[in-house]
There are 2 protein chains.
Amino acid sequence: MTDTRTKIIDVAERMVRVGGYNGFSFREIAAEVDIKSSSVHYHFPNKEDLALAVANRYMQNILDALGDPAPVDATAEMQAGRYCQVFQHSFVESGSACLCGMLSSETALLPSSVKQVLIEFVDANVSWLEQGLGVPTSDARLIYTAMEGAMSTAALKQDVQWVASVSESVKRFVELAQAAT
Amino acid sequence: MTDTRTKIIDVAERMVRVGGYNGFSFREIAAEVDIKSSSVHYHFPNKEDLALAVANRYMQNILDALGDPAPVDATAEMQAGRYCQVFQHSFVESGSACLCGMLSSETALLPSSVKQVLIEFVDANVSWLEQGLGVPTSDARLIYTAMEGAMSTAALKQDVQWVASVSESVKRFVELAQAAT
DNA sequence: GTCTATAATTTGATAGAC
DNA sequence: GTCTATCAAATTATAGAC
């Protein structure tokens, strides 16, 4: 019962997370949804519109999964675990990297509206980590970039273990930083 | 006095590091080198050949810059600083991200020969970090992915500070891990 | 080694019928 | 909302002259 528009976004997200902005075309999407490319254009007049819809929905999904950065009774270690788990789950479920990491690597080819959404996503992640873990900005940035790089490398090596492995060290880092205060 | 072949690789590397595998074309390269695209094909019969040459030279340059992972009198902290500095320098000099990180994000679109070189690069980095810093594999992976992600995000946000910021936290992580032993 | 010319394919996008 | 048909542009790649 999913409407065509949603199906298009589903297929597009999968393709973007595998091959980036140039990794999907209206024709390929149309073929998978079993309509014609002109029908895709009816829902999304141009590529920028479609990419924007994909990026916005993805960002919202991840932020929803992260939830409240600092709920009562949550420790820094717990929130670090939660953060890693959300991305690990997203990777395992899709078998592909983070949409933001994929598109960041093509920044020069992106419409500025799409870049804007990606920047918002980065800022939201760093902000969540600062609040949830009580760590300084540079530590929050390290944790974010490490998870992004982990997913990207895991996709390259086709080895999910990379995400789990980096997650473990992220959690250890948080523990060490916590103990040092 | 640089020969045409070298000029082509120079231009191609710059373009790949900005826009990935689909971010360069024979025609664009030809225009910058001031020859025709068929002449580029003379030096590199197809795109795979050219990408391979770019990736191999890049890998060699970075590994040369890293040097001996464990020279006498070098501490883990010193080597961590050295590692971060090499990538930071590469980012500042080129104004663009790591070639490996760029291409990793398009793994599905790459010829397997190119993927192979990227995987070698990842393994060489992790191995260097393990030897030079005396850290376990998962920590080496975290440091590598954090630097890759930092360069990618710095390119997106057009903010060099991101690389410096993550570098600082990487060094702090190494110090904490060192003190915990 | 570099050129002109061109083939074969793919792409994003639009017009207009139903 | 979906279709057929089509356009203009760009892409990788090759053949053959000089």
Side-chain angles (χ1 to χ4, degrees), chain A residues 1-56 99 102-103 105-115 117, chain B residues 1-55 102-103 105-115 117:
Chain A
M1 273 303 135
T2 21
D3 58 309
T4 306
R5 195 189 148 88
T6 305
K7 274 189 216 154
I8 292 171
I9 300 181
D10 288 342
V11 173
E13 176 179 330
R14 179 155 33 86
M15 288 180 173
V16 171
R17 290 178 68 175
V18 166
Y21 193 74
N22 280 302
F24 74 102
S25 71
F26 281 82
R27 273 176 173 74
E28 279 181 296
I29 290 172
E32 281 218 28
V33 180
D34 205 36
I35 53 178
K36 296 296 171 182
S37 71
S38 53
S39 299
V40 180
H41 275 286
Y42 167 80
H43 294 280
F44 302 95
N46 57 50
K47 202 169 180 177
E48 177 175 354
D49 294 319
L50 177 50
L52 215 47
V54 170
N56 272 313
L99 183 121
M102 296 294 301
L103 291 179
S105 296
E106 292 174 301
T107 182
L109 314 174
L110 300 178
S112 59
S113 60
V114 176
K115 260 190 287 193
V117 176
Chain B
M1 272 305 136
T2 23
D3 59 310
T4 305
R5 196 189 148 86
T6 305
K7 273 188 216 155
I8 292 171
I9 300 181
D10 288 342
V11 173
E13 175 179 331
R14 180 154 35 84
M15 288 179 173
V16 172
R17 289 178 67 176
V18 165
Y21 193 74
N22 280 301
F24 74 102
S25 71
F26 282 82
R27 272 178 173 74
E28 276 181 299
I29 290 172
E32 280 217 31
V33 180
D34 206 35
I35 54 178
K36 296 296 171 184
S37 70
S38 52
S39 299
V40 180
H41 276 287
Y42 168 79
H43 294 281
F44 303 94
N46 57 49
K47 201 169 181 177
E48 177 175 355
D49 295 318
L50 177 49
L52 215 47
V54 169
M102 295 295 300
L103 291 179
S105 297
E106 291 174 301
T107 183
L109 313 174
L110 300 178
S112 60
S113 60
V114 176
K115 260 189 288 193
V117 176

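Throughout, a chain's letter reflects where its sequence line sits, starting with A, and its residues are numbered from 1.
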Visitor: 5'-most contact on DNA chain C: B/Asp34 or A/Asn22, nearest heavy atom basis?
Guide: B/Asp34
Visitor: Does B/Ser38 make a side-chain N or O approach to OP1 or OP2 of C/dT2 shorter than 4.0 Å?
Guide: no
Visitor: When the distance from NE2 of A/His43 to P of C/dG12 is rounded to whole Å, what number comes out?
Guide: 17 Å
Visitor: Can you see if the side chain of A/Lys47 gets near the phosphate of C/dG12 - specifically, an N or O under 4.0 Å from OP1 or OP2?
Guide: yes
Visitor: Take a 6.0 Å sphere around NZ of B/Lys7 and say whether it holds more than 12 heavy atoms from other residues, nucleotides or ligands.
Guide: yes
Visitor: In whole Å, I'd like the distance from the CD atom of B/Glu48 to the C1' atom of D/dT11.
Guide: 17 Å
Visitor: Output yes when at least one side-chain N/O atom of A/Thr4 is less than 4.0 Å from OP1 or OP2 of D/dT2, else no.
Guide: yes
Visitor: Please check the phosphate of C/dG1 (OP1 and OP2 only) for any side-chain N or O of B/Tyr42 closer than 4.0 Å.
Guide: yes
Visitor: How many Å lie between CZ on B/Arg27 and P on C/dA5, as a whole number?
Guide: 13 Å
Visitor: Once you round it to whole Å, what is the distance between P of D/dT14 and CG of B/Asp49?
Guide: 10 Å
Visitor: So, is A/His41 close to the D/dT2 phosphate, meaning a side-chain N or O under 4.0 Å from OP1 or OP2?
Guide: no
Visitor: Rounded to whole Å, how long is the line connecting atom CG of B/Leu50 with atom P of D/dT12?
Guide: 10 Å
Visitor: Whether B/Ser25 contacts D/dT11 is assessed here as follows: a side-chain N or O lying under 4.0 Å from the phosphate OP1 or OP2. Is that the case?
Guide: yes
Visitor: Output the single nucleotide from D/dT2, D/dT11, C/dT11 whose closest atom is nearest the side chain of A/Glu28.
Guide: C/dT11
Visitor: Report yes if the side chains of B/Val117 and B/Leu103 come closer than 4.5 Å at any heavy-atom pair, otherwise no.
Guide: no
Visitor: If I take atom CD1 in residue B/Ile29 and atom C1' in nucleotide D/dT11, what distance separates them, rounded to the nearest angstrom?
Guide: 13 Å
Visitor: Hey, does the side chain of A/Lys47 reach the backbone of A/Phe26 with a donor-acceptor pair shorter than 3.5 angstrom?
Guide: no
Visitor: Between atom CG of A/Leu99 and atom OH of A/Tyr21, what is the distance when rounded to the nearest 0.5 Å?
Guide: 12.0 Å
Visitor: To the nearest Å, how far apart are B/Phe26 CZ and C/dA8 C1'?
Guide: 16 Å
Visitor: Could you tell me the separation between the CZ atom of A/Phe24 and the C1' atom of C/dT10, rounded to a whole number of Å?
Guide: 15 Å
Visitor: So among A/Arg14, A/Glu13, A/Met15, which one has a side-chain contact (heavy atoms from CB on, under 4.5 Å) with A/Arg17?
Guide: A/Glu13
